[in-house]
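Since we're looking at a predicted model, the values are computed, not measured. Every number for a ligand or one of its atoms is a count from 1 in the order of the listing.
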Amino acid sequence: MLFRTKCAALLVASLFAGQSYAETYGVRGSILHFLSDPAQTAEVENSYEYIEDGLLVVRNGKVVDVKPYRQRQSQRYSRIEDYSGKLIMPGFIDTHVHYPQTQMIASYGEQLLEWLETYTFPTEKKFEDKEHALKVSKLFLNELVKNGTTSALVFGTVHLQSVDALFEETEKLNMRLIAGKVMMDRNAPSYLLDTADSSYEESKMLIDKWHNKGRLQYAITPRFAPTSTPEQLTAAGRLKSEYPDVYVHTHLSENTNEIAWVNELFPEREGYFDVYQHYGLAGDKSVFAHSIHLTDSEWDEFERTDSVISFCPTSNMFLGSGLFKLAEAEAHHVRVGLGTDVGAGTSFSQLRSLGEAYGIMQLQSKKMSAFKGLYLATLGSAEALSLEDKIGNFSRRKEADFVVLDWAATDFQKLRYQDTNTLEEKLFALMLLGDDRNVVATYVAGEKVYGQE
Ligand code: GUN
Ligand code: ZN
């Protein structure tokens, strides 16, 4: 009898646990999310939805609804989290970042190729030690959520265990994340080299272990053309043909010396992008970081192959790499995501990326509105990663990844905020002045993973 009672109690407890998972809760605040690219939408107002006093309804880690708070009666809620006066947006997405470079942000004085030799390779060597990789993974993920970033496309190092470590830590947070082991079999210190065969085998093992496990996905990650032999690029292409659903993630046309080097190494190819195309690495799930110095025919090929660019403003300025031509991407309908490219990038904050992106546009006598910028950091990056059916805005049944932002987090920001009138002005000030201080809370799949208080 006692036994049966105990069993019943356990059953009731587990039923309650099930119920609490299925509970519906609301999040109140000013809600902004994008429906389309503001630069490609006839009336900008049709590209977003803004509800001043809104309610985001969440159940089982998914979005159920967004609506004005006054219409809340149509549903029952286990609780309403009140962020009145704050801004609720879909979580930011970082489409290009190197987690092993967290420790070397702000390394002085060099441009790309010398910077890699001087700082990057020695830092990446440390990831042969799994304990180090686990420690940095934790720190890295913590920085992401602290900055309101809920998804990322991430470089590991050449060491398989660097990717295991990152995925193991990410799984605990249930974040949507794509990562891959660097493939690199030449033109780097011997301590960081793999081979065409070992990179193929290890990437395959990682794909089998992690791709589509929960919210995790894999990217085949040749570092860039100069550090892979034709044999290794062939192996990468073979992986892509065997696993068409897996991403490709690499660098392209970042620096003029790099481009000249690629032309020397691959004289038989028509140009840098053609190297990747030749080995079967271009396509709609292929993300090419930077792509700053593309030729006209390369732009055409990007459009034709539906390949994707990650625009990394703070990195491009820090390494003096050049000015990304966002307008050209728009004209060619090439998908562009926003990346921090830490550790060449100087901040984990996508607000800081957008502040710098604005400057990059100004240097080309062009503008970037706050709407375009915040679209890039959310839905635009989701589209760039072919994840727009899962994340990027608050459409029903999407995964409830979101960030709560303070419009003005410091006295000085408050002073500026008082002098803004329209929504666009307020968003622009936030985009130019904001950073992690403005992130009040971050939610991943409906669970709060970071809060300032
Ligand atoms: N090109 C090849 N490797 C790298 C890297 O680690 N960072 C950047 N920014 N560019 C690269
Ligand atoms: Zn990079």
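Counting heavy atoms of neighbouring residues, nucleotides and ligands inside a 6.0 Å radius, atom NZ of Lys130 exceeds 12 of them. Summarising the local packing, CD of Glu270 is surrounded by 12 or fewer heavy atoms from other residues, nucleotides or ligands at distances under 6.0 Å.
Shortest contact from atom 6 (O) of ligand 1 to any protein heavy atom: Arg223 NH2, 2.7 Å. Annotation: atom 7 (N) of ligand 1 to nearest protein heavy atom, Trp115 CZ3, 3.4 Å.
For the Zn ion (ligand 2), protein N/O/S neighbours under 2.8 Å (waters excluded) are His96 NE2, His98 NE2, His251 NE2, Asp341 OD1.
Near Ala344, meaning under 4.0 Å from one of its heavy atoms, ligand 1 places the atoms 9 (N). Every atom of ligand 1 is numbered from 1 in the order shown, and the set under 4.0 Å from a heavy atom of His290 is 9 (N). Of all atoms in ligand 1, numbered sequentially from 1 with element shown, those under 4.0 Å from a heavy atom of Leu112 are 1 (N), 8 (C), 10 (N), 11 (C).
A side-chain donor-acceptor contact under 3.5 Å links Asn438 and Gln413. Under 3.5 Å, the side chains of Asp94 and Thr340 contain a donor-acceptor pair of N or O atoms.
Remark: among candidates Met104, Glu258, His98, the nearest residue to atom 5 (C) of ligand 1 is His98, based on non-hydrogen atoms.
When heavy-atom distances to ligand 1 are checked against a 4.0 Å cut-off, Tyr119 has no atom that comes that close, whether in backbone or side chain. Residue contacts with ligand 1, taken as heavy atom pairs separated by less than 4.0 Å, involve Asp341 solely via side-chain atoms from C-beta onward.
Relative ring orientation between Tyr50 and Trp407 is described as perpendicular, the plane-to-plane angle rising above 60° on a 0-90° scale split at 30° and 60°.
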Side chain to side chain contact (heavy atoms under 4.5 Å, CB included) assessment of Phe127 paired with Val182: CA-CA 12 Å; Phe127 288 74; Val182 167; over 6 Å; no
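Within the 4.0 Å heavy-atom shell around ligand 1 one does not find Phe155.
Counting only residues at least two apart or on different chains, the ring-ring contact (aromatic ring centres under 6.0 Å, His included) pairs with a member in residues 143-175 are His96-Phe155, His98-Phe155, Phe155-His249, Phe155-His251, Phe167-Trp210.
Considering backbone and side-chain atoms together, Glu254 places an N or O closer than 3.5 Å to an N or O of ligand 1.
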